[in-house]
Asker: 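Below: one structure in structure tokens.
As the structure is a prediction and not an experimental result, all values here were calculated from the model.
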Amino acid sequence: MNRISDYIPAKEYLKAEIANVLSDLGVIEVIPKVEVPADPNYGDFSTNVAMVLARRLKKNPSDLAQDLVQKLLDKKLRFIKEINFVSPGFVNFYLNYQWLYEFIEYVYESGPENFAKVNIGNNSSVQIEFVSANPTGPLHVGNGWWAAYGDSLARLLSRCGYLVSKEYYVNDTGGQIRTLGESILASKKKIEPPENGYRGEYIDKLAQEYSGVDDIYETGKWAAEIILKDIKDTLLKMHVEFDSWYSQDHIERGGAVEDTLNELEQKGLIYKKDGATFLASEKLGDSRDRVLIKSNGDITYTCGDIAYHRDKFKVRGFDRVIDVFGADHHGQVASLKSAMTALDIDEANLEIQIGQMISLVGAKMSKRSGNFVKLDDFLDDVGVDAARLMSLMNSIDQATVLDIDLVKSTTMDNPVYYLQYAYARICSIQQNALKESLNIDDLANVELSLLTDPKEIALLKIISEFEDIVVDAANMRRPHKITTWARQLASGFHSFYHDCKVIDLKNPDLTMARLALVEVTKISLTVALDLLGVTLLEHM
RNA sequence: GCGCUCGUAGCUCAAUUGGACAGAGUGUCUGACUACGAAUCAGAAGGUUGCAGGUUCAAAUCCUGCCGAGCGUACCA
């Protein structure tokens, strides 16, 4: 076993062998589930397949499990030390450490370039649209929260073999732009802003700078452009870079709307009522029919949005589109999905990830009230890496409460330092090793079987789960799973570091084996933090 | 009212998507630096997973009903 291509993860190997035994029993088309038990006392791996199949085969799960155990033992599989049956029907596998030593070779040879790079996307294209905050004010913390999510998801899918494109939809036209212009002109004239208008320092500042004509739309357009530039800068500061900034104005005036309306018209899904033009979306799954063209001739936002999404699939040809919405936009989901159905686009290819709302302790986030915490300031206060990691610690399904003051005051306790410190320690060890001329020139000469300390084994097991975690996080669109794992890894490493001195001049063989383990830890940590977009430093 | 989402340690969040004893951080308490970086490690305490039923060998997870929270319910965007 010296070539990467020969390597089969232990879990996959077990899966295949279990499937073989099952087919001997006449059970086919079953992919047994093999997992790592939470409690190591239940073995290195376990399967619940006996319990799952018991009903179908009309057999007692424990009989089935014990039968399975015996048949698997008879095969004298490699790596296997012991196979157990545990009531009510778990089958647990205990492996000798050889599988971990081969795993080290695999990771070592893969390096950060190739380790945990599993192709599940097959070069299909996916567009991820996120942030897309209206250019009517600076980004606030809530916007930034999902910026990290979208960006990290893009990194994940990209590593997993998708061709990813990141997009920001710029709502640079319509009523809000007029309201923005109106608000600025009001500030210039020192009068009250309109109802639902924007206020705050940035409005006053823009008003001072504005020297153009007294036209609310012109003023609004002018201001939106400036604000958008600031938004771009803030996102760059957060290490979020978009591939494209797509203009709503372009969609609405560039023919996309006409094409969409024509197509819907041809399908007979459009009708007029009360002087307005409706899409018959209710019968396609929406809660009611939607207005596309108002009775005054203006098109609705919904209409533009449908044209925009049609453009993503039919004009630009993305295989899959992922929209990241805040929970306050969940009402659009049914409309968009039914509209895709109307346009013969498989709605399953339009995924909408809903992020639960972020609330601030002691503050509201509203651009209209002018009372919000700017993302830019937040990044300055807590640091980009801490901000990103913080947001990537929780699932977007979890409504999050953010106490800005608490976050600022506990910056030194932030988990990001825990991860970065682990990396800095690794680099430090490697530098010290180098000073003693201890470096691995050929892993084949390293006696990996010297790694038997419980902390060494525990660390290796954590690393061995990483590829599954990556695939899982990508498939479920949940990058926070990477964070959860990375924290486990760092914990495992710190604990190992404490118990096992790596550099021991009196024991060069063990030193080399441990250096290999350190390198493998470094590789996996590097990949994980790259997926999260968190930077690693050799010194802190 | 209706709809969507959510409810897990004091606080902030995890939990291999139906698995075994619900885990981390933080806070509180107790230990560990004349060994590679103590921004660390080891330990204690903290829970009837909002409540009540149901399905299942197995439920924080699925179903039903309550309770509570957020959001939505425009010819706004």
Asker: Closest heavy-atom contact between L402(A) and F378(A)?
Answerer: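 Residues L402(A) and F378(A), closest heavy atoms: CD2-CZ, 4.4 Å.
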Asker: It should be established whether K435(A) places a side-chain nitrogen or oxygen under 4.0 Å from OP1 or OP2 of nucleotide rC36(B).
Answerer: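 K435(A) to rC36(B) OP1/OP2: no side-chain N or O under 4.0 Å.
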Asker: Paired with rG68(B): which nucleotide, if any, by Watson-Crick or G-U wobble criteria at under 3.5 Å for both distances?
Answerer: rC6(B)
Asker: If we count only N and O atoms by modelled type, under 3.5 Å, do the side chains of Q488(A) and E465(A) hold a donor and an acceptor together?
Answerer: no
Asker: If we take the C1' atom in both rC76(B) and rC11(B), what is their distance in whole Å?
Answerer: 38 Å
Asker: Does R288(A) reach a base, just sugar-phosphate, or nothing at all? Heavy atoms under 4.0 Å.
Answerer: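 The answer is sugar-phosphate, as R288(A) gets under 4.0 Å only of primed atoms, P, OP1 or OP2.
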Asker: Any N or O donor-acceptor pair linking the side chain of D328(A) to the base of rG72(B) at under 3.5 Å?
Answerer: no
Asker: Examine the base of rA20(B) for any acceptor or donor lying under 3.5 Å from a partner atom in the side chain of N92(A), and report the outcome as yes or no.
Answerer: yes
Asker: Work out how far the P atom of rA14(B) is from that of rC66(B), and round it to whole angstrom.
Answerer: 28 Å
Asker: Using the P atom as the reference point in each nucleotide, state the distance between rA60(B) and rG7(B) in Å, no decimals.
Answerer: 14 Å
Asker: Is the glycosidic angle of rU17(B) within 90° of 0, making it syn, or outside that range, making it anti?
Answerer: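 Classified syn.
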Asker: Taking 4.0 Å as the cut-off, does a side-chain nitrogen or oxygen of Q420(A) come that near to OP1 or OP2 on rA39(B)?
Answerer: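 Negative; the distance criterion is not met.
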Asker: Under 4.0 Å, heavy atoms only, any strand: does E538(A) hit a base, just the sugar-phosphate, or nothing?
Answerer: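 Base, at least one base atom sits under 4.0 Å.
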Asker: To the nearest angstrom, how far is L336(A) atom CG from rG72(B) atom C1'?
Answerer: 15 Å
Asker: Pick the C1' atom in rA15(B) and in rA20(B), then give their distance to the nearest Å.
Answerer: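 Approximately 14 Å lies between the C1' atom of rA15(B) and that of rA20(B).
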Asker: State whether a side-chain donor-acceptor pair under 3.5 Å links Q176(A) with Y301(A).
Answerer: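 The criterion, which ignores hydrogens and geometry beyond distance, is not satisfied for Y301(A) and Q176(A).
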Asker: Taking any heavy-atom pair under 4.0 Å as a contact, classify A422(A): base, sugar-phosphate, or nothing.
Answerer: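 Contact class for A422(A): none.
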Asker: What's D274(A) touching, base or sugar-phosphate or nothing? Going by heavy atoms closer than 4.0 Å.
Answerer: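 Base, at least one base heavy atom under 4.0 Å.
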Asker: Which whole-number value in Å describes the distance from Q176(A) CD to rA74(B) P?
Answerer: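 Rounding to the nearest Å, CD of Q176(A) and P of rA74(B) are 19 Å apart.
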Asker: Would you measure the distance from the P atom in rA9(B) across to the matching atom in rU48(B) and give it in whole Å?
Answerer: 9 Å
Asker: Verify the contact: side-chain N or O of S495(A) to OP1 or OP2 of rA42(B), cut-off strictly under 4.0 Å; return yes or no.
Answerer: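 Answer yes for this pair, as a side-chain N or O of S495(A) is under 4.0 Å from OP1 or OP2.
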Asker: For rC76(B), take OP1 and OP2 only and decide whether either is under 4.0 Å from a side-chain N or O of T179(A).
Answerer: no
Asker: In whole Å, measure the gap between the C1' atoms of rA58(B) and rA74(B) for me.
Answerer: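 Going atom to atom, C1' in each nucleotide, I get 48 Å.
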Asker: Does the aromatic ring of Y42(A) sit over the six-membered base ring of rA20(B), closer than 5.5 Å centre to centre and tilted less than 30°?
Answerer: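 Ring-base stacking flag set for Y42(A) and rA20(B).
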Asker: Between atom CG in D286(A) and atom C1' in rG3(B), what is the gap in whole Å?
Answerer: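 Rounded to whole Å, this separation is 12 Å.
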Asker: Using the P atom as the point on both nucleotides, what is the distance between rA35(B) and rU30(B), in whole Å?
Answerer: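 Each nucleotide's P atom is 26 Å from the other's.
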Asker: Distance check needed: rG18(B) P versus M51(A) CE, whole Å only.
Answerer: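 Checked: the CE to P distance equals 14 Å.
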Asker: Where is the tightest heavy-atom contact between A10(A) and W99(A), given as atom of each residue plus distance?
Answerer: CB-CE3, 3.4 Å
Asker: With a centroid cutoff of 5.5 Å and a plane-angle limit of 30°, would you call Y421(A) stacked on rG37(B)?
Answerer: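 Y421(A) vs rG37(B): stacking no.
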Asker: Closest-nucleotide mapping onto RNA chain B: is H494(A) or K294(A) further toward the 5' terminus? I mean the 5' end.
Answerer: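 Nearer the 5' end of the strand: H494(A).
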Asker: Ring-on-base stacking between Y497(A) and rC36(B), under 5.5 Å between centres and under 30° between planes: is it there?
Answerer: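 Here the ring of Y497(A) and the base of rC36(B) are stacked, with centres under 5.5 Å and planes under 30°.
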Asker: Considering just the side-chain nitrogens and oxygens of N196(A), establish if one lies under 4.0 Å of OP1 or OP2 belonging to rA77(B).
Answerer: no
Asker: Given atom CZ of R178(A) and atom P of rA77(B), what is their separation to the nearest angstrom?
Answerer: 8 Å
Asker: Under 4.0 Å from OP1 or OP2 of rC41(B): is there any side-chain N or O of Y418(A) that close?
Answerer: yes
Asker: Taking all non-hydrogen atoms of both residues, which atom of T521(A) and which atom of L459(A) are closest, and how far apart?
Answerer: OG1-CD2, 3.6 Å
Asker: Counting Watson-Crick and G-U wobble pairs only, both distances under 3.5 Å, name the nucleotide matched with rA32(B), or none.
Answerer: rU40(B)
Asker: Could you tell me whether T511(A) contacts a base, only the sugar-phosphate backbone, or nothing, with contacts defined as non-hydrogen atoms closer than 4.0 Å?
Answerer: nothing
Asker: Taking only side-chain nitrogens and oxygens of K33(A), does any of them come within less than 4.0 Å of OP1 or OP2 of rU17(B)?
Answerer: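 Yes, K33(A) has a side-chain N/O under 4.0 Å of OP1/OP2 on rU17(B).
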Asker: Does Q332(A) contact rA77(B) through a side-chain donor or acceptor facing the base, at a distance under 3.5 Å?
Answerer: yes
Asker: Counting Watson-Crick and G-U wobble pairs only, both distances under 3.5 Å, name the nucleotide matched with rG1(B), or none.
Answerer: rU73(B)
Asker: If you take all heavy atoms of L460(A) and F103(A), which pair is closest and at what distance?
Answerer: O-CE2, 4.2 Å
Asker: Could you check whether the side chain of S46(A) and the base of rA20(B) have a donor-acceptor pair of N or O atoms closer than 3.5 Å, going by distance alone?
Answerer: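 Indeed, a donor on one side and an acceptor on the other fall under 3.5 Å apart.
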Asker: In plain terms, say whether K221(A) and D249(A) are close enough for a salt bridge, that is, a side-chain N and a carboxylate O under 4.0 Å apart.
Answerer: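 Yes.
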Asker: Between P on rC76(B) and CZ on R290(A), what's the gap in Å once rounded to a whole number?
Answerer: 13 Å
Asker: Please give the nucleotide sitting opposite rC57(B) as a Watson-Crick or G-U wobble pair, both distances under 3.5 Å, or none.
Answerer: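 rG19(B) - that is the nucleotide pairing with rC57(B), both distances being under 3.5 Å.
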Asker: Would you kindly give the CG-to-C1' distance between N394(A) and rA24(B), to the nearest whole Å?
Answerer: 13 Å
Asker: Would you check if there is a donor-acceptor pair between the side chains of T302(A) and R290(A) at a distance under 3.5 Å?
Answerer: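 Judged by distance alone, the side chains do not pair up.
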Asker: Cation-pi check, R425(A) to F493(A): give yes when NZ or CZ is under 6.0 Å from the six-membered ring centre and within 45° of the ring axis, no otherwise.
Answerer: no
Asker: Describe the nucleic acid contact of C427(A) in one word from base, sugar-phosphate, nothing, applying a heavy-atom distance below 4.0 Å.
Answerer: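 Touches nothing.
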Asker: State which of rA77(B), rA74(B), rU12(B) makes the closest approach to the side chain of V401(A).
Answerer: rU12(B)
Asker: So, does R425(A) get its side chain near the phosphate of rA38(B), meaning an N or O under 4.0 Å from OP1 or OP2?
Answerer: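 Yes, R425(A) has a side-chain N/O under 4.0 Å of OP1/OP2 on rA38(B).
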Asker: If you go through the side-chain atoms of H329(A), does one of them form a donor-acceptor pair with the base of rG72(B) closer than 3.5 Å?
Answerer: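 By the distance-only test, no, there is no pair.
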Asker: Tell me which one of H309(A), Q332(A), Q353(A), E351(A) satisfies side chain to side chain contact (heavy atoms under 4.5 Å, CB included) with D323(A).
Answerer: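 One option only clears the test, and that one is H309(A).
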Asker: Does a side-chain N or O of S428(A) approach OP1 or OP2 of rG37(B) to a distance below 4.0 Å, or not?
Answerer: yes
Asker: Reckon M393(A) touches a base, only the sugar-phosphate, or nothing at all at heavy-atom distances under 4.0 Å?
Answerer: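 Sugar-phosphate contact only.
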Asker: Using a 4.0 Å heavy-atom cut-off across all strands, classify A38(A) as base, sugar-phosphate, or nothing.
Answerer: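 The residue A38(A) makes base contact.
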Asker: Quantified in whole Å, what is the C1' atom distance between nucleotide rU8(B) and nucleotide rG46(B)?
Answerer: 14 Å
Asker: Which whole-number value in Å describes the distance from D499(A) CG to rA38(B) C1'?
Answerer: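 After rounding, the reported distance stands at 15 Å.
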Asker: Contact class for I354(A) vs. all strands (heavy atom < 4.0 Å): base, sugar-phosphate, or nothing?
Answerer: nothing
Asker: With nearest nucleotide decided by heavy atoms, which residue, H498(A) or I293(A), maps closer to the 5′ end of RNA chain B?
Answerer: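 The residue mapped nearer the 5' terminus is H498(A).
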Asker: Is a donor-acceptor pair below 3.5 Å formed from side chain S295(A) to base rC75(B), judging by atom type as modelled?
Answerer: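 Under the 3.5 Å cut-off, the side chain and the base do form a donor-acceptor pair.
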